[in-house]
Structures are given as structure tokens and as C-alpha cells.
Amino acid sequence: MNKFYITSSLPYTNAPAHIGHLLEFIQADVLTRYNRLLGNEVFFLTGTDEHGRKNVQAAEKKEKSPQEFVNEISAGFKELTKIAGISIDKFVRTTDQFNHWPAVHKIWKKLRDNGDLYKAEYEGLYCIGHEAFIKKSELKDGLCLEHQTEPEKIKEENYFFKLSKYKNQIEKLIQEDKIKILPVHRKNETLKLIKDSEDVSASRPKESISWGVPVPGDSGHIIYIWLEALISYLSGIGYADETEVFKKFWPPDIQIVGKDIMRFHTIIWPAMLLAAGLELPKSIYVHGFITVDGQKMSKTIGNVTDPFDLVKKYGVDPIRYYLLREISSYEDGDWSEKKFEARYNADLANNLGNLVSRVVALIEKFFNGSFSCSRRFVSKEIDEKVIDTWKKYNQSIDNFKLHIALENVFSLVGFANLYIDEHKPWAISGNPEKLNIVMTNLIVILLNVAWLLKPFLPETSSNIFEILGADKDGKSWEEKPFQVRPRILFPKI
RNA sequence: CGCGGGGUGGAGCAGUAGUAGCUCGCCUGGCUCAUAACCAGGAGGUCGCGGGUGCAACUCCCGCCCCCGCAACCA
């Protein structure tokens, strides 16, 4: 049994959860459940990233205190993990002063003692309209593009982290896949980004940002939120006290992140860990973004899709299925209700659901609803087909191609539908030997489909066992007869 | 000259050197166990444009056009 530590990123709490957050949760959940199925000891961590000025501003708009505000948003994310069947072991909150902050301070001190933090003047252009520093590229004729005002030049003292000291080392680790970045185009992107990496700001003066973790021994400064938030992957498993959990699970086997925050995870984060003398994550999986009806999600357009509504309307597994199958694990994808319904009807209702109904009906009709399997009736052809499916499925998951893994499962479903047509069980009821072989093969395929689906569609998986009349996980399929319990698995929309 | 992704039959996508494939839709046929489902066959594409390399390019190289995303220490 191996340990398996997986993290999703911590959503930022300035706005409620949308469908993109759900995508990442679900992807991580599949890998989590898959590894549990393999018998590994798994720890799945997520949480919420709650500091920084954006949260303060969002709270002000709602006329709430920052803590009050992030409490609510954070609770929403936690609730989302519950309704979507996300099997997390730990939900970290970065405002947790008892568990998170001590870990942050511990890392800070390590970096400081290592000589990797230094103070320097930071000079930037501050736009009153933005209430933020802006880039030269956001100026036109010396004026802020958006507000048509001249920005102020502001100088402030920051701590900086010596990222440059580690960049060569990290570049090599990534090239050699010691930190494996998938998909490969993200690895290449990172390698290019590393070359231009400079030291990064590690703190801001308290006057600029007060909502955050203070620098130990220098309370006039607040730790830059990115450095602090990344440490959640350590704090959440007990790094501060070097607990048994920490010793067992560190380092992460897989960290899942969105493409927008890739560089923080593939460059700054490994540099921090090197500086702190900690082991590095073994792999980082980068997923894309979801558009809605082909458009970027935005509040202005008003197409920000609420995952709670979707799950309520369609159920957890159909939504999980769409996000995992229709959207490539490697690329951007699109959500649309029309595409969802097409996918649902074609794959879940017509292919899988109908297949289950067919098999169950055959057992009812020709065996009075109770059928006993025996391994000796399983055809070689079926055996090979099933093994081949597992092989491709495992490979796809190992390469974070979850959509391909599901494609393979559904190709087995299609195979079973064809198998029924070709072997016409209804026409061979006079030949019990033949009929037994056909039915046993079908049951074996369905059991395997249910097992294959378990990490992806946990509810559906157990529903299939239940409809077939198998025991909880169908493992004793040769011992007990299947007492079928007919039910529509996925009603058509 | 910031970085990356993409441009493939009506729609949505996969593929990646050697007869162009999948899903949906459409047409025809089969089957009757099934959620009017399932199975087979068919129509429909000069694989963005222009060059180059190869016996052979959608697939490699160069240039161009068009879409999209990310980033520039805003977390």
C-alpha cells in the first residue's frame, strides 16, 4: 500500500463558487477515488484562500467585515464539496490562525534564516481608480486607460524572495520530470517562464494590505498572499508540528491547478520548498478553463454558472460525467445546457442506462429475475475486451486524460450493446448453455463498467450494482445469484 | 516582436507521416431484449492560406491570416 497525497488549489474567496471550481474539485476527486480503489492510502486536501485586499474590498461592498465575508464564501465552497461528492480529507482555511499561520511563520523563518529574503524598495504606478498598482502597458499617453487619470508614483519597502537563486535547479528538475508537469505543453510553457523569472515580492507594508499574515518579527509587513496561500498544502497536513500525518504524506504526489495559477505552483512553490529544505511535489496537473456557451464567464455578461443550480437540476453524476467527459482534462472546455443534454441522452440514458435495462429485462424474462454466474461461462473474447479496457483506462488516468478514460469505459458499453444484437439472447432460449454464456458475459461486462465508473460516477456505480441485485460492490458475483431490481438508471431528458 | 492553445464533413470535437475518425443531426435498412432505445449501411470534408522537406503531409519545417486564453509580481 502506498501513500498518495493530492491537493486541489484553494479557491480565492472574493466570489462564490462557479462551475470552474467544480471542475477542479471533480478532477481531483476522481484521482482520489481511483487511488483509494487501488488500495493506496489517500489524503485529499483543499480549502479556501482568504486573505488579500480583494477579499477586503468584496466584503466592503457587502458591508461586512472581512472575516464575516470570507466565512460565508468559504462555507459555500465547503458545501460544494459535499453536494458534489468530493471526498476530501482536509479543508484548510488560510485565516485559521491556529493551524495555518504557524506553518506560514515556520516557512518564513526558514527562508529568512537561509538568507533568501531581503528588503528592497519597490517602485510602482498607483492608480486611484484601480486602487492598485498598474502596469505601464495599461497606460495611454501617461493616463490610466480605464480611468483616464494620471497614476501616482509610489515607493514602498517590500521583502523579496530570492527566486533567482533556485531557478536553474527548478528548470533542471522540470526538464527531467522530477517535477512532472502535465500536459506537456504546460511543461514547455513553464520552462520558458522560468527563464524570465526574477525575485518576487514576499511582503507588502501593512498600510497597503492589512488582511493577511504578519511577517514574524516585523509586524509592519504582511506576507505576500501567494507565498502564504501555497503553504496551506503544508499547514493542512500538520507541518507546523511535524505531525505523523505530515511525515506520512509529504510530499504531494499530485497537485491540481488551473492554468492561471500554474506559474505559482510550478516555479515559486518549488523554489520555496527548496529554500525550506522540503521535498518537492512529484507532479502538477494543469487544467484549462470553462467557457459558457463559448464565452468567457464574466459577471458583466452574467453567464457565471452556479454549480449548485446544476447539481440540483440534473443530479451529481450527470454533471460529473459532463465535466469529465466532454471537457478535455488538458484543454479549455465549454459548458452549455444543450451540449449537456445531448451528452446525457446519448451516453448516459441511451447507451449505459438502456444497456442496463436490456440486461435486466432479459434476466427477468428468461430467468424469472434471478441469474447465477459462473466464471467458466465467461468467453475469452469478453475477458480480453475487459482487460484491454482496464489497460487503456489505467494508462489514461496515469496521464491525466480523464476524458479518454471515460471514452474507453463507454466504448465497452457500446461493445455490450452490439454484443446483445449479435448474440440475440431472446432467440436462443432453447439453448441454456449458450444463453448462460451470453448472459454471464453481459453481467461481467456490466460489473466491470460499474467498477470502472466508481471513481468517476460513484452513485451510478452503486446504482448499477443495486439494479443488478449484486452485493455492495459486486465482488462476490460468482457466489450469489443476481436478483434484479429493475429501475431506470438515467431517465431521458 | 511577451507566452500558450486552436483553425478537420451542417454542429461539436479526436487524430498526427503512409487508405481521414468519433458524437449529434440527416437518409436507408435490421432487430424486437430495451428508456421510440439498440445494431448495420449511406450522403456529406481539396483537414485556415501560401511555400518547403519527404517516395508519401492534416500530420514535420518556414511565412501569413483569423479566433481564444494566460501573463506582465492586480492574490
Side-chain angles (χ1 to χ4, degrees), chain A residues 10 12-14 49-55 57 94 122 124 126-127 130-138 158 160-161 163 183 185-186 188-193 195-202 204 209 211-212 224-230 258-264 268 286 288-289 291 294-296 325-328 330-334 336 338-339 341-343 345-366 403-404 407 410-411 414 416-427 429 438-439 442 486-493:
Chain A
L10 276 60
Y12 197 63
T13 47
N14 66 332
D49 177 7
E50 308 180 11
H51 288 128
R53 185 155 54 197
K54 272 194 180 177
N55 280 322
Q57 287 172 339
T94 58
Y122 173 63
Y126 194 81
C127 166
H130 271 88
E131 281 283 16
F133 288 98
I134 60 172
K135 314 286 156 318
K136 280 184 182 157
S137 59
E138 289 175 297
N158 286 5
F160 278 81
F161 170 54
L163 178 61
H185 65 256
R186 296 295 174 202
N188 297 337
E189 194 177 349
T190 299
L191 288 171
K192 287 196 177 173
L193 284 169
K195 293 196 195 300
D196 303 325
S197 295
E198 293 167 11
D199 292 351
V200 290
S201 169
R204 301 289 309 276
I209 298 176
W211 185 241
Y224 178 55
I225 185 166
W226 259 114
L227 265 68
E228 177 247 299
L230 288 163
K259 64 179 184 179
D260 55 329
I261 58 173
M262 177 185 76
R263 48 189 245 101
F264 296 99
I268 298 177
V286 185
F289 277 10
T291 52
Q295 277 184 305
K296 187 180 172 176
R325 173 69 186 89
E326 178 77 19
I327 292 176
S328 161
Y330 275 20
E331 306 291 344
D332 290 347
D334 186 48
S336 92
K338 209 177 150 191
K339 278 186 205 163
E341 291 188 0
R343 257 300 162 200
N345 281 333
D347 295 357
L348 296 179
N350 293 348
N351 272 329
L352 176 58
N354 186 47
L355 172 67
V356 172
S357 293
R358 296 177 84 179
V359 173
V360 165
L362 288 165
I363 291 174
E364 282 198 292
K365 190 150 184 170
F366 298 109
H403 58 300
I404 304 292
E407 187 183 281
F410 277 77
S411 129
N417 272 317
L418 175 58
Y419 181 85
I420 297 180
D421 277 47
E422 281 178 345
H423 291 83
K424 302 182 176 32
W426 53 89
S429 55
V438 172
M439 292 313 297
L442 285 170
R487 179 155 63 92
I488 298 293
L489 191 60
F490 291 107
K492 284 195 81 161
I493 295 176

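Quick caveat: nothing in here was measured; it's all calculated off a predicted structure. Residue numbers start from 1 in every chain, and the chains themselves are labelled A, B, ... in the order their sequence lines are given, proteins ahead of strands.
- A syn base is found at B/G54: its glycosidic angle is within 90° of 0.
- Classification of A/Arg186 and A/Glu189 as a salt-bridged pair holds, one side-chain N sitting under 4.0 Å from a carboxylate O.
- Distance CG/A/Leu163 to OG/A/Ser201: 12.0 Å, rounded to 0.5 Å.
- Of the candidates B/A34, B/A72, B/G69, the closest approach to any side-chain atom of A/Phe289 belongs to B/G69.
- Taking the six-membered ring where the residue is Trp, A/Trp226 and A/Phe264 present parallel rings, their angle staying beneath 30° rather than reaching 60°.
- Candidate nucleotides B/C3, B/C74, B/A40 were compared by shortest atom distance to the side chain of A/Leu418, and B/A40 ranks first.
- As judged by a 4.0 angstrom heavy-atom cut-off over every strand, A/Asn354 is placed among the base-contacting residues.
- We find that CD of A/Glu50 is positioned 13 Å from C1' of B/A75, with the value rounded to whole Å.
- Of the candidate nucleotides B/G12, B/U35, B/C74, B/U35 has the atom lying nearest to any side-chain atom of A/Lys492.
- Checking each of A/Arg343, A/Lys339, A/Lys338 against A/Glu326 for a salt bridge (Lys or Arg N to Asp or Glu O under 4.0 Å) leaves exactly one that passes, namely A/Arg343.
- Only the P atoms considered, B/U8 is 6 Å distant from B/G48, to the nearest whole Å.
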With both pairing distances under 3.5 angstrom for Watson-Crick or G-U wobble, and | for a partner in another strand, the correct string for RNA chain B is .(((((((.[[[[.)..(..]]]].(((((.......))))).....[[[[[..)....]]]]])))))).....

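- If you check B/U35, B/G12, B/C39 against the side chain of A/Ile488, the one that comes closest is B/U35.
- Closest to the side chain of A/Asn417, out of B/G69, B/C39, B/A75, is B/C39.
- Atom CD1 of A/Ile420 is separated from atom CG of A/Leu442 by 5.0 Å, given to the nearest 0.5 angstrom.
- Note that NZ of A/Lys192 is 16.0 Å distant from CZ of A/Arg263, once rounded to the nearest 0.5 Å.
- Residue A/Phe264 is out of contact with every strand shown, counting any heavy-atom pair closer than 4.0 Å.
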Donor-acceptor pairs are to be reported for all side-chain atoms of residues 358-366 of chain A against protein atoms at under 3.5 Å, with residues two or more places apart or in another chain.
from: A/Arg358; atom 1: NH1; to: A/Asn417; atom 2: OD1; distance (Å): 2.8
from: A/Arg358; atom 1: NH2; to: A/Asp421; atom 2: OD1; distance (Å): 2.7

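- The listed nucleotides are B/C74, B/G4, B/C33; the one nearest the side chain of A/Leu362 is B/C33.
- Counting to the nearest Å, the P atom of B/A37 and the CH2 atom of A/Trp426 are 17 Å from each other.
- Put simply, A/Lys192 has no side-chain N or O that comes within less than 4.0 Å of OP1 or OP2 on B/G2.
- Taking the C1' atoms as reference points, B/C70 lies 32 Å from B/G52, given to the whole Å.
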Any protein N or O atoms within reach of nucleotides 21-30 of chain B? Criterion: under 3.5 Å, listing atom names and distances.
from: B/G30; atom 1: N2; to: A/Asp421; atom 2: OD2; distance (Å): 3.3

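- When the C1' atom is compared between B/A71 and B/G63, the two are found 26 Å apart, to the nearest whole Å.
- Formation of a donor-acceptor pair under 3.5 Å by the A/Asn345 side chain with backbone atoms of A/Ile493 is found in this model.
- Distance alone, capped at 3.5 Å, is enough to place a donor-acceptor pair between the A/Tyr12 side chain and the A/His51 backbone.
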